[in-house]
Amino acid sequence: MNKLVAIASSIVLASGIAFAGEGMDADKFENLDANQDGVITQAEAAAHDDLVAMFNDVDTNADGYLTPSEYEAAKAEIEEAE
């Protein structure tokens, strides 16, 4: 019986970790790059309020797109602010 409880607890814990991981994945570059063209446009950034607010500041070359490195810098700034 204890073995069954331990197995059930492990399954519940693992599914909770997987669910939490999915939420964290929502902020991944690949998830925001809806058309998978390697950059995030302002329209794609609209899915993330903080990113929209600072889009022009983190678009360091002012080309209207965020590259993966520009996005990582923005994400670091957002995490610092929290």
Side-chain angles (χ1 to χ4, degrees):
M1 185 67 162
N2 286 339
K3 201 178 220 182
L4 180 61
V5 170
I7 291 170
S9 297
S10 296
I11 291 170
V12 169
L13 178 60
S15 65
I17 290 171
F19 181 74
E22 288 173 16
M24 290 169 31
D25 284 345
D27 288 339
K28 282 189 172 182
F29 182 90
E30 296 82 15
N31 293 341
L32 291 173
D33 180 14
N35 63 358
Q36 301 299 301
D37 64 352
V39 293
I40 298 173
T41 63
Q42 286 184 325
E44 290 169 329
H48 196 290
D49 292 338
D50 290 333
L51 188 56
V52 170
M54 63 189 319
F55 191 94
N56 292 328
D57 293 332
V58 296
D59 179 15
T60 56
N61 61 355
D63 64 355
Y65 303 102
L66 295 184
T67 62
S69 61
E70 289 172 328
Y71 171 74
E72 288 304 319
K75 192 171 177 183
E77 285 186 36
I78 291 169
E79 288 171 358
E80 270 183 30
E82 291 176 349

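None of these values were measured; they are calculated from a predicted model.
- Only one option out of Leu32, Asp33, Leu51, Val39 pairs with Leu66 in a side-chain contact (heavy atoms from CB on, under 4.5 Å); it is Leu51.
- Around atom CZ of Phe55, more than 12 heavy atoms belonging to other residues, nucleotides or ligands sit under 6.0 Å away.
- A distance of 9.5 Å separates CD1 in Ile40 from NE2 in His48, rounded to the nearest 0.5 Å.
- Here the side chain of Gln36 pairs a donor or acceptor atom with the backbone of Glu30 at under 3.5 angstrom.
- Atoms NZ and CG, from Lys75 and Asp50 in turn, are 12.5 Å apart once rounded to the nearest 0.5 Å.
- In terms of heavy atoms, Val58 sits closest to Glu77 at CG1-OE2, 4.1 Å.
- Smallest separation of non-hydrogen atoms from Pro68 and Gly38: CD-O, 3.7 Å.
- Checked by atom type and distance alone, the side chain of Glu44 pairs as donor or acceptor with a backbone atom of Thr41 at under 3.5 Å.
- Taking CD of Glu70 as the reference point, atom OH of Tyr65 lies at 12.0 Å (rounded to 0.5 Å).
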